[in-house]
Amino acid sequence: MLRIIRSSNLKPTNPSFLSSTSRLYPSFNTTNNVVRNLVGFSFEKTPEVKNEIKKSIEDKFLKDVNVDFKNPGSTTDTQKNYLDDNQVPNVLNITSQNLKEHLKDEKILSRTLSLLEVCLITKDFTRSYQILKSLCDADLSPYQLINCVNNYFDTWINSLHKENLNEATEFIESFFDNFKVNPNGKTYAIMLRYCVDHELPFDNYLKHPIITPRSIFGNIDSIGLDNTKIILKQHPELLGSIPKIYKELLKNELQDLNDQIEPITNEQKIDQQLNKTKEYYDSLGQSDYFKKNDILPPTIEKGVQKELNPVDTFGMKSIRHALLALTSQNPQLESKLSSLLQNLNERNILMDRLDINKDLNFFSIYQRLADHPKEQALFEEALEVYNEERQKQLEARSIEASIESWKNDHANLQKLGITPIRKSLNARLWKWYNDALPLVEKEVEECKKVLKEAETTPPRTASVLNRLKYAPYILLIDAKKLLVIAILELIKLNSSGGIQDGMRIARAVISIGRAIESEFQSEQLLKSENNFFKNVAKSKSSERFQKIVRYSKKYFRSTSETTSFTEWSYDVKAKIGSILVTALMSVATIEVEGKDPISGKVVHGESPAMFHTFIFSGGNKIGVLKFHRSFIEKISDEGFNKAVNPQSLPMLIKPIKWYDWKTGGYNYSKNYLIRSKDCPEQLAYVEAASENGDLEGVYDGLNVLGVTAWTINKKILDLVTEAWNSGEEFLDIPKHEKELILPPKPDRGEDPSVKTEWQTISKQKSYEYYANRSQRCDTNYKLEIARAFVGEKFYFPHNLDFRGRAYPISPNFNHLGNDLSRGLLLFWKGKKLGESGFRWLKIHLSNLFGHDKVSLEDRVKFTENNYENIHKSAENPQAADAWWKKADKPWQALATIFELSQALKLKDPTEFISHQPVHQDGTCNGLQHYAALGGDLEGARQVNLSPSVKPMDVYSYVAGLVQARVDEDVKNGKSQAALVQHSIKRKVIKQTVMTNVYGVTYLGATQQIAKQLTDEFGKDTAYFLSKYLAVHVFASVRELFQGAHLIQDWLGECAKRIGSSVRIDLKETEIVDPKTLKLLCMTSVIWTSPLGLPIVQPYREDGKAVIKTNLQSISITDPFELNVVNARKQYTAFPPNFIHSLDASHMLLSAVECGRKELTFAAVHDSYWTHAGDVDRMNEIIRDKFIGLHQVDLVQRLKNEFEKRYQGYLLQVSICDDSEAAILVKEFKKEYLAKHGERLSMIDEIRLEKRRRALLNSRDINEVNEGLKMETTIKKVQNLEEEISKPSEASNNKGMMKILVPLRLPDVPPKGEFDVREVKDSLYFFS
Amino acid sequence: MSLLKTGLAAFKPIRVDAYPSLKWKNISGFNCAKDQSVIDDLLQEKLSFLKDSYPNRPERMSVLDMYSGCPIYSSALFNFLTPQKYVIMSTQKNILKNIDKIALDRRSQGLATYETYSADPYSWASFIALTNLDKALTIEKQDYSKVHDSFLITGNLTLKTIEALLFQWAFCMANKNWLQRYGDVRMMFWIPFKLLNKVIPKPGNLRRMSMIFETFTNLKVIASSTKFDGEDLDADYYQLDLKDFTRDEDIALIEITRKDFDFDIEIWEFLTKKIFSTPSATVRTNAGFIYPGAIEWFESKDDIKGFLNKPSKELTKDEIVKLVNAVSVWPFKPDIYMDFHHESADNN
DNA sequence: CCGCTATTTAATGATATAAGTAATAGATAATAT
DNA sequence: CTATTATCTACCGACAATATCATTAAATAGCGG
């Protein structure tokens, strides 16, 4: 039993949770294969395991660092091989018998841990200690508990003075008595820090018999580098116990080894130069921008001539400032770059002299250094150093920057008088901010007060109790920051969620809460890093040393244990969010203009700028926050504005590598490997797999994607900007529509149908208007980011969706975006085209024009035939009828045209240095995988798995099949057929064919086709005809890809069965619903991707939880509520998800290999990008990896895995009344009735079977014998394999009965003749 | 031929149980009467006034009966009123088929009968077809000063998905459109008791739904299977027994006629939604949901500020009208037609 | 101080909300008698 | 058991209904011993 903290008040109470009785229940799986047990929802870790993990990360890190230092090219080559076995090596399984309760426990635990952390940070030791004690009684793993105690100790000891040594010693001595666990290395590390800090003797702590120096220094984070240095001075012999990465650092510090380490000669030169140059930032007068509050730094324009029309995108300005006008804690780092540039200028290496004060286009400098590889390398290195600091600013300081820009606008405008202030948005925001600040500060004070009082007197009133729930959290962040975050979030969310000029309250408050949490984490991460490295690297400035410091920091970021990994509950987030919204709402005002309905006069006034209201949708009440229309007009006038989340922009330095499932990507914000949908189950599996070492391949692949450097295609940006500023429609940029115009409202005496129609039209119009606006807004957003990053070298940190597909973490602008986004992106690195690259670039252009259905040679010819057009387009892209605009993907085409035209102007085009990503796309990648799985010859041919002279085009082919069918119908006199006969084009059916793999239904397909036909036939006819066509398209696809559909159906059937099966070793109440007596199907489909990633389909009925905030109650889906699975979703989604897990594996495998071969690599799921010159090599890799992936029978393997994982599960099936199984069951039931006098219910059946299995598993031979003799309905039927593994038929049929059977999966469809190795020679497999 | 002369035909009552061969398959989402004698009794007890409200029925009265289900009630009402025309409009194909059989049989005997009209009462177009195209029903246009005396609308709205019709048609009364354009046409509906509970005002705990009926209609409960509390309305209703109905769900029969009003109904609709957002909160709080500045505007009105501090659920009909009128003349009033949201706004 | 009952409070669950289903209609699961 | 009604509606990235009242469970208060 244990005592925990009731979340409402902080007094310990005594419910029972985390009972340990059920945890280690043996799994039914008794196969020879290893079955790892996930226990409860978290994988048990021992400190040893943890240390091992840490150690392995260190090793890998060092290896990587070496790569970066010296010999690039040789990364790890031994990854676990998942690819050549029919068995999945580790079938992970959750074995808790008590899923629901376990999850609830997790919820309480998670909240408690979070509260502990927060209380510690606010130095509330009384409360912390209470929490800690209550945790001691909880069923935490010892490791978790030690961690908590150590965290407490860590913070608490900081409050002690030198004289309190006794207290500290006492703490350690009574460690076990108090907490029932023993101190560990970290405890001692903390103690060491205390001693060193206070100049107390510490030798004792290094002589512990069990806690070795090694394990102490394994927690060097807690000691600090500076302190370690002091310790080492006294105990040089301990140097060996220090993690390697820091050893280097400390060696330098200790022995002044500068001279002994070979300096890199070139750098040394520059080091010398460095002194000559004055910091150019000073000359710009902006070095201390963030500290000097009153001066807005002059904005440097990066050579983009034209500003984007709406200039004032919130937050963006601050981003630009962050990028341009950075302060640095180490001015030498900055000046390294400037001195290098100065040096280059002096040596006249660049073609033109650089104006360092103006031209900060790093990309162009880089390009101009192309002929000077040495200098180029130096430049890149200097840039990296420089960016290191900028990235830090970008992630950590942008909130402050926002305030500054508002304030400055306000101050500047104040000089100009009152009117301009009214007009300026930023000035208005500054006012809101200023007015709301006292309110927020008051709230914070109130929270402090309440917390203090709660220490002595138990809280009584509801409002105090409520405040107590969030009070500890709100104190964590400065009130100013809280407000700015809130304002930015609100503006960002404007018109989201289908709400005009407003947003859902739920979304608003949670987004704000989340943003605050994330800001808090950033602060913490930054703080712990600064603490750890304090006093380091201030004095020494050798290049080599700085480099070591940088790598040490990187290492620190990927391993630091001081990192906060507790999460704030939704409760807290929502409450804090609502506090801020309330404050803002009450003070934010705006000038308004209205018309007096009586006099008709225009009236002016001041009104709240936003308000809280409810709207109704289908009888549901939704709480929304809306802006006053005058405010909306204002932001419309000044442009479409969205606040940028500065923490998730592209990164200026390489993202933190993934070594671990919860650290990677950005420096100072938490990113998980998997974008789990608030599904603890998913995380549990991923964590287990990660710690099992199964995810190495995944990490390697992601890390390759992360290091691909990008830059902005400035020429394209200039053009887009121009088009944008015109406000007119241009390609896919919609026109700027000033206002929403609705048709006149009908008289109310009219027939109701008239009003209905008017409403429909109005809704439609309004929808279009807002869609247009949001599209403009999105484009603007993209452009703003692009503009901020002109000339920069940047990276996209990636993570995965739950199926393993990779996505850039930075939203809005990345290479997964639309044609425009892609057109704006170039590889930073340039590579010579060479013969082959020149050819591929031509092919690429042809592809972008949509000429991708002809042979490669024809594509080359297409481009060659258009040389004149290419030159014209390149020279005068603005021309109204410019050729490039006709392309399928015009922006990318134009980008390619620029390169081609430049190359062609060279004497030898193959010498051209290309930055343009060239794509190789799988033709219908989903079907390719299906064909390979099924060995389907015809299917393989259709999707270019087998070699052919010309590429096959599935869509055209299907169109042909459909055409044939329609023609037939025309002959038979079908009227629809005649109408559409001549409209069946590739484009019409393309989407349907594509989505067919995802299980699109008849209705969806109809809509898709209708969309294509609307232009030709008008809305109504189009829909009518689409219904007809959809049927034929479906039939044709099914006919053409029989193999694929067999597998698709098989996958679906498996998922259906799994999704409606039950695990009977669960607690009874979790098997059958006590109320409805129906089976509770809790089993989601889980499988392991070929790369070792466990995938859990998260589809369940969602449990709603309601949170009361001071605005309103909001409803969220409770992530800790485990509900029955949504069987339908499980089976409709499984086939596509499985295929996606395969293509994800294929992509990551290819990425790893490309990385190994030093190709620049990027991917959009099934479109793989590299430099033109490397396409040939990449193509080889793609094919090899595909073959590697499919060389085993993945379907059979999947079945094996399922059988292992779901062994012993039961399924309810309908079978024929007169089948053998049915008869046996009926007999058994009859006997039971006779014997017991009551009918055998389903629960009874399950109870009996449970009992039988328990007996069989018993150690007592008698019991086993009894079990062997025992009969149950399940035992009766379990050997009738044929009957119970038949696909279940519709249960509505007559003469069927439902019985429980052991879960069996249908046989794998027979594999066809196709040999996947043919892919090797298929030119058009990816092209 | 005989159809047109129904009024002259002999009036032998229709008894559904006289057609034992017809299978009605009780299973229907509608809750319908099972026992015709109960309905006969109900009509006799509580609805005799109808006979006086519709003079000269066999020659000029029409009844439109929607979603009859098994036509127990329809038959009883038909027998009771002996109208010139009695049309049953419904989507229930199988039931209509059976009713047609009855009608055919009656006609073959030269007896007066109801007739079927297969259409969806949910669709406005059905009524245009009914009155204009098919001319299955001709209705006299009458003045709104009194209840229409030759046309009665009735029906069964006990199915969840068509409950909405009660509100829609009530608004039609207010707006004088749909079939209500012919005058103040009385409507009688079978509704689930739960729905009745929503529409009858509970003093001190008022909601928008009851406010609609209180403001725009005269509502009378004719019969109910359960007791209910409501002002004046519980005085005199017929006690129904659930066993006489096809479903085990409480049911009621109500009658509504039009009540006149003089304010902007669209503002009324909008405003009541907002003002009853949180019925327990004060009018002032709820006024904040209308639009920024609404509270201040109301505070500036002497006839309003007095009741700003009471909970919305205690608002009277007239107080709401005051609010409505205040909003109508407010220079910064909201756009009441933009009070919706777009669902699933994502699709390329 | 303990243990019992009475009272208060918190937690949970059910129901109402609006009132042309936004388009669109056909298969399938759920429900109820 | 079967007719009627309700619920879907392509995968992923993506992100959510709320107020009120009745009932139940739990916590506290009060009281007696």
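What's counted below: heavy atoms across the whole structure, side chains too, no hydrogens, waters or symmetry copies. The sequence lines fix the lettering, A, B, ..., with proteins before strands; numbering per chain opens at 1.
The separation between A/K621 atom NZ and C/dT17 atom P is 10 Å, rounded to whole Å.
Within 4.0 Å (heavy atoms only), A/Y1002 reaches sugar-phosphate atoms of the nucleic acid but no base atom. Here A/P811 lies out of heavy-atom contact (under 4.0 Å) with every strand. Heavy atoms of A/Q1112 sit under 4.0 angstrom from primed sugar atoms or phosphate atoms, though from no base atom. Counting non-hydrogen atoms under 4.0 angstrom, B/K93 reaches nothing in the nucleic acid.
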Subject >> Intermediate values then yes/no, salt bridge (Lys or Arg N to Asp or Glu O under 4.0 Å), A/D1143 and A/R805 >> reply: CA-CA 8 Å; A/D1143 73 39; A/R805 279 188 160 195; 2.7 Å; yes
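With hydrogens and angles left out, the side-chain atoms of B/R208 and B/T272 include a donor and acceptor closer than 3.5 Å. The closest side-chain donor-acceptor pair between B/D120 and B/Y67 falls under 3.5 angstrom.
Two rings, from B/Y337 and A/W758, have their centers less than 6.0 Å apart.
The side chain of B/T278 contributes no N or O atom lying less than 4.0 Å from OP1 or OP2 of D/dA19. Look at B/K273 and you won't find any side-chain N or O under 4.0 angstrom from OP1 or OP2 of C/dT17. Taking 4.0 angstrom as the limit, B/N94 places a side-chain polar atom (N or O) nearer than this to OP1 or OP2 of D/dT4. Close to D/dT20, at under 4.0 Å from its OP1 or OP2, lies no side-chain N or O of B/R207.
For the C1' atoms, the distance from C/dT28 to C/dA11 is 38 Å, rounded to whole Å.
Both tests pass for A/K763 against the ring of B/F340: distance under 6.0 Å to the centre and angle within 45° of the axis.
In this structure, B/F167 counts as stacked on the base of C/dA19 under the 5.5 Å centre distance and 30° plane angle limits.
In this structure D/dT4 sits in a base pair with C/dA30, meeting the Watson-Crick or G-U test at under 3.5 Å.
In this structure, B/T161 and B/D248 both approach DNA chain C, and ranking their closest nucleotides by distance from the 5' end singles out B/T161. Place B/L165 and A/T760 on DNA chain C by their nearest nucleotides, and B/L165 ends up nearer the 5' end.
Side-chain to base pairing of A/Y570 with D/dA16: one donor and one acceptor N or O lie within less than 3.5 Å of each other.
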